[in-house]
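Structure first, commentary second.
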Amino acid sequence: MSFLSGTEGSVLIGATPYKFAKWRATMQNGLPRVNNFSSAYQQLVLGLTKAQISLEGPYDSAAMPFTVGSSYSFVLKWTASLSLTITARVAELTPDNNVEDAPRLSVTADSDGSFAASVT
C-alpha cells in the first residue's frame, strides 16, 4: 500500500505548469435504465462517459490565461509519474479577491471527447 502527499500534485495545461493549489476530477457515466415488465431487478446499460474538472488556487496574473468556452488539455498530476489527462472546455471562471487574502481563481471545465475514465 502506498499513500501519496498532496504536495506532489500539480496541474499542467499541455506541458505548461499552472499554479493551482487544488484540483478535482469527477468522472461519471450516465446509466440509462432499461427496466421492463419482465425485469425482476433494475437493469442498466452503459451511457455517456463524462468528466468535470474543478481547479482552484491563487491567481498568477502573469501566467494563468483562460477563456470561457475554450478547450484545453488538462494534465492533473498526483505525482510526477501518476496523472489524469482530460481535454475539456472551460464552462466557468470565478475570480475572487479578499483584502485579507490573495486573489484566487476557480475554473470549472467539462470533458470534450474521449479520455481514460479510471484511476490506476
Side-chain angles (χ1 to χ4, degrees):
M1 185 176 293
S2 180
F3 293 100
L4 306 172
S5 170
T7 61
E8 297 179 59
S10 63
V11 175
L12 303 170
I13 308 295
T16 304
Y18 279 63
K19 297 176 183 175
F20 287 102
K22 182 190 303 185
W23 64 260
R24 172 184 293 256
T26 302
M27 299 177 279
Q28 62 185 31
N29 184 277
L31 298 171
R33 291 187 180 132
V34 292
N35 301 337
N36 56 66
F37 290 122
S38 62
S39 299
Y41 299 93
Q42 175 173 272
Q43 293 180 304
L44 306 172
V45 295
L46 191 61
L48 295 176
T49 300
K50 62 182 179 177
Q52 185 172 72
I53 298 168
S54 300
L55 309 170
E56 182 187 320
Y59 178 59
D60 181 350
S61 63
M64 292 178 108
F66 285 101
T67 303
V68 171
S70 291
S71 179
Y72 302 90
S73 178
F74 293 91
V75 182
L76 309 172
K77 292 182 163 272
W78 278 290
T79 67
S81 61
L82 184 60
S83 64
L84 299 168
T85 301
I86 301 171
T87 299
R89 289 193 179 274
V90 172
E92 183 176 314
L93 292 174
T94 307
D96 71 60
N97 197 8
N98 180 335
V99 70
E100 296 181 8
D101 194 6
R104 299 202 166 272
L105 179 64
S106 297
V107 177
T108 303
D110 294 321
S111 63
D112 187 14
S114 64
F115 63 96
S118 62
V119 293
T120 56

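The neighbour count for L48 CG, taken as heavy atoms of other residues, nucleotides or ligands under 6.0 Å away, does not exceed 12.
Taking all atoms of both residues into account, the shortest heavy-atom contact from A25 to I86 is CB-CD1, 4.3 Å. Taking both residues in full, the closest heavy atoms of L46 and L31 are given as CA-CD2, 4.4 Å, listed atom of the first, atom of the second, then distance. In terms of heavy-atom proximity, G69 sits nearest to R89 at O-NH1, 2.9 Å. In plain terms, the two heavy atoms of P103 and N97 that are nearest each other are CG-OD1, 3.4 Å. Taking all atoms of both residues into account, the shortest heavy-atom contact from T87 to S71 is CG2-OG, 3.4 Å. Between D101 and R104, the shortest heavy-atom contact is OD2-NE, 3.2 Å.
In this structure, F20 has its ring center at least 6.0 angstrom away from the ring center of F74.
Contact annotation: the side chain of D96 never approaches that of Y59 to less than 4.5 Å [non-hydrogen atoms, C-beta and beyond]. Inter-residue side-chain proximity for V45 and P32 is flagged as met; some heavy-atom pair is nearer than 4.5 Å. Counting heavy atoms from C-beta on, the side chains of Q43 and N36 come closer than 4.5 Å. At a threshold of 4.5 Å between non-hydrogen side-chain atoms, the residues R33 and L44 count as touching. In this structure, the side chains of L84 and V119 come closer than 4.5 Å at one or more pairs of heavy atoms. In this structure, D110 and D112 have side chains that are not in contact, with every pair of non-hydrogen atoms separated by 4.5 Å or more. At a threshold of 4.5 Å between non-hydrogen side-chain atoms, the residues L76 and V11 count as touching.
Rounding to the nearest 0.5 Å places NZ of K77 at 11.5 Å from CD of E8. Between M27 atom CE and S118 atom OG the span is 6.5 Å, to the nearest 0.5 Å. The distance from the CD1 atom of I53 to the OG1 atom of T108 is 10.0 Å, given to the nearest 0.5 Å. How far CH2 of W78 is from OG of S83: 8.5 Å, rounded to the nearest 0.5 Å.
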- So Q28 and T26, side-chain hydrogen bond (donor to acceptor under 3.5 Å, both in side chains) or not? Walk me through it. CA-CA 7 Å; Q28 62 185 31; T26 302; over 6 Å; no
- Full working for side-chain contact (heavy atoms from CB on, under 4.5 Å) between Y72 and T67: CA-CA 10 Å; Y72 302 90; T67 303; 4.0 Å; yes
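Cluster annotation: L12 is not connected to L55 through the hydrophobic network of ILVMFWY side chains, with a link wherever side-chain heavy atoms come within less than 4.5 Å. Grouping the Ile, Leu, Val, Met, Phe, Trp and Tyr side chains by contacts below 4.5 angstrom, directly or via other members, places F66 apart from V75.
With hydrogens and angles ignored, the 3.5 Å screen pairs a side-chain donor or acceptor of T79 with a backbone N or O of L82.
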